[in-house]
Number of protein chains: 2
Amino acid sequence: MNHFGSAVEYGLHCLLYLARQDQGPAIGTRDLAEFQGLSADYVAKLFTRLEKAGLVRATEGVRGGFHLAREAERITVLDVADALEGRKPLFECREIRGNCILFDDRKPRWASQGVCGIHAVMLRAEAEMRRSLGDHTLAQLAGHVETVLPQGHRKNTGKWFQGRLEGRGRRGARGTTKT
Amino acid sequence: MNHFGSAVEYGLHCLLYLARQDQGPAIGTRDLAEFQGLSADYVAKLFTRLEKAGLVRATEGVRGGFHLAREAERITVLDVADALEGRKPLFECREIRGNCILFDDRKPRWASQGVCGIHAVMLRAEAEMRRSLGDHTLAQLAGHVETVLPQGHRKNTGKWFQGRLEGRGRRGARGTTKT
DNA sequence: CATAACTCCGACTAATTACGTCGGAGTTTA
DNA sequence: TAAACTCCGACGTAATTAGTCGGAGTTATG
């Protein structure tokens, strides 16, 4: 399976919407999910993890939703990945070194001293990967998206979320919009 | 789970033994496994993949076993990982872009043009990781091991494999050495 | 003040994947 | 000729991921 799963992908896509409208009102997870055709329950779950990691801040109640907890320039893709899937290593060393049949019974000290050479190579590769992810911020990504999308689309997106927000709390406005 | 699993780890450890004794006779998978306390069946399976990828060459029959197919300087950790677990990406883009609720029915061309920004970041990180793995060869790793291990140990290792080889083919020499 | 919408949170299920095992077929040496 | 080896794909089990469900607390509307 892939090292980064759907959680990271969904989370990043959602956070980009927050980054693009951060001075406005809070955005609800249900709206984010519906706008992108994702499972609302699942997105909600992801946001609780993002909040625990201190990347977003929730406001409760009917007009509630989420904001970024700090500027988009200071949230990296690496932060998001670690928050959502827990900092997991590329490779986990099983210390095969110590299994050598020649040490039957007790293994000598040098067999488990320092880091296994293979493990060291993997750690280095992992560090490179993390450095690369840490170099990209939500602000950069959001900026990129702006340049690619037609202007009209951005406007329509803003309107849709606005309309959604205004519809909230009104009795029966949602009814049975369960997917 | 980890991106690189036990297959890569076992495979690299085994290949290091081949690299360190490459001018000698072939080494059998059963011996490699037993020496390191691994499952013999599993190691055998890994070597069929390594052979398909052209990294090792088998010689059949009673005194059979494996050699590296080319010099240890020209086999990288990346080669081994790809051979054993198949070149799998860090991340697989599900093209969330195209799900936007505003395109109900047919999505515009620009929604799926080029690479998704998030995907691009992931691809970059993956490239960095692969570059790093591609920079390390079996020869380097084997050289490192030599500097760390006591001289006596290398000698004993050679002897053990030698002894194992000579014991082969003799009626009943192995008997029920099944683990 | 009561209701409906929201966030918040952990337990639960289903599908996929990694790891390891097994049994059979062909090859070579004692 | 028989025993040991490599070779090869199918199978089983355990762990992880993706997604669902139900319940508790908070806030605005009628």
Side-chain angles (χ1 to χ4, degrees), chain A residues 1-11 25-33 38-52 56-67 84-86 88 91-92 94 164-179, chain B residues 1-11 25-34 38-52 56-67 84-86 88 92 94 164-179:
Chain A
M1 171 161 310
N2 312 93
H3 192 245
F4 296 113
S6 63
V8 171
E9 183 168 17
Y10 296 176
I27 301 184
T29 57
R30 179 186 302 267
D31 291 347
L32 280 169
L38 306 177
S39 152
D41 283 330
Y42 193 46
V43 170
K45 179 177 187 169
L46 298 180
F47 269 81
T48 72
R49 292 193 216 156
L50 290 172
E51 198 194 17
K52 247 178 217 161
V56 297
R57 200 166 354 238
T59 64
E60 298 203 329
V62 167
R63 292 273 199 282
F66 288 90
H67 281 282
L84 288 171
E85 304 198 337
K88 57 182 176 186
F91 173 81
E92 193 160 352
R94 284 158 225 218
R164 220 49 201 268
L165 188 69
E166 288 168 0
R168 289 197 202 170
R170 312 187 74 81
R171 307 266 170 136
R174 283 291 173 84
T176 52
T177 319
K178 283 220 172 178
T179 309
Chain B
M1 173 157 312
N2 312 98
H3 191 245
F4 296 113
S6 62
V8 172
E9 184 168 19
Y10 296 175
I27 302 184
T29 58
R30 180 186 302 267
D31 291 348
L32 279 169
E34 193 167 338
L38 306 176
S39 153
D41 285 330
Y42 194 45
V43 170
K45 179 177 187 168
L46 297 180
F47 269 81
T48 70
R49 293 192 215 157
L50 290 171
E51 197 194 17
K52 245 177 220 162
V56 297
R57 198 162 1 235
T59 64
E60 299 203 331
V62 166
R63 290 271 201 283
F66 288 90
H67 282 282
L84 287 171
E85 305 199 337
K88 59 181 174 185
E92 192 161 353
R94 287 160 222 217
R164 220 48 200 270
L165 188 70
E166 287 167 0
R168 290 196 200 169
R170 313 188 74 81
R171 307 262 171 141
R174 283 290 175 86
T176 54
T177 319
K178 282 221 172 178
T179 309

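The model shown is predicted, which means the values in this text are computed figures rather than measured ones. Just so it is clear: chains get the letters A, B, ... in the order the sequence lines come, proteins before strands, and each one is counted from 1.
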Check DNA chain D against residues 44-52 of chain B and give the residues with a non-hydrogen atom under 4.0 Å, in numerical order.
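The stretch gives B:Lys45, B:Glu51, B:Lys52 as the residues lying under 4.0 Å from the strand, ordered by number.
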Check whether B:Glu92 reaches the backbone of A:Asn2 with its side chain - one donor and one acceptor, N or O, closer than 3.5 Å.
no
d([atom1], [X]; [atom2], [N]) in whole Å:
X	N	atom1	atom2	value
B:Tyr42	C:dC19	OH	P	5 Å
A:Lys88	C:dT17	NZ	C1'	12 Å
B:His3	D:dT16	NE2	P	17 Å
A:Leu32	C:dC6	CG	P	13 Å
A:Arg30	D:dT20	CZ	P	13 Å
B:Asp41	D:dG9	CG	P	16 Å
B:Phe66	D:dT6	CZ	C1'	7 Å
A:Asn2	C:dT16	CG	P	14 Å

Which residues pass the side chain to side chain contact (heavy atoms under 4.5 Å, CB included) test with A:Ala44, sequence neighbours left out?
A:Thr29
Sequence neighbours excluded, the answer for side chain to side chain contact (heavy atoms under 4.5 Å, CB included) partners of B:Ala58 is B:Glu51, B:Phe66
Tell me whether the side-chain N/O atoms of [X] come closer than 4.0 Å to OP1 or OP2 in [N].
X	N	answer
B:Tyr10	C:dG20	yes
A:Arg94	C:dC19	yes
B:Ser6	C:dA18	no
A:Thr29	C:dC6	no

Spacing of [atom1] belonging to [X] relative to [atom2] belonging to [Y], to within rounding of 0.5 Å:
X	Y	atom1	atom2	result
B:Leu50	B:Lys45	CG	NZ	13.0 Å
A:Leu38	A:Arg30	CG	CZ	13.5 Å
B:Lys88	A:His3	NZ	NE2	9.5 Å

Counting heavy atoms from C-beta on, name the nucleotide in C:dC8, D:dC21, C:dT21 closest to the side chain of A:Ala58.
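My answer, after comparing the listed nucleotides, is C:dC8.
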Could you please name the option among C:dT7, D:dG19, D:dC7 that lies closest to any side-chain atom of A:Ser39?
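Out of C:dT7, D:dG19, D:dC7, the nucleotide with an atom closest to A:Ser39's side chain is D:dG19.
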Minimum heavy-atom separation for B:Phe4 and B:Glu85, please, with both atom names.
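Here B:Phe4 and B:Glu85 meet closest at CA-OE1, 3.6 Å.
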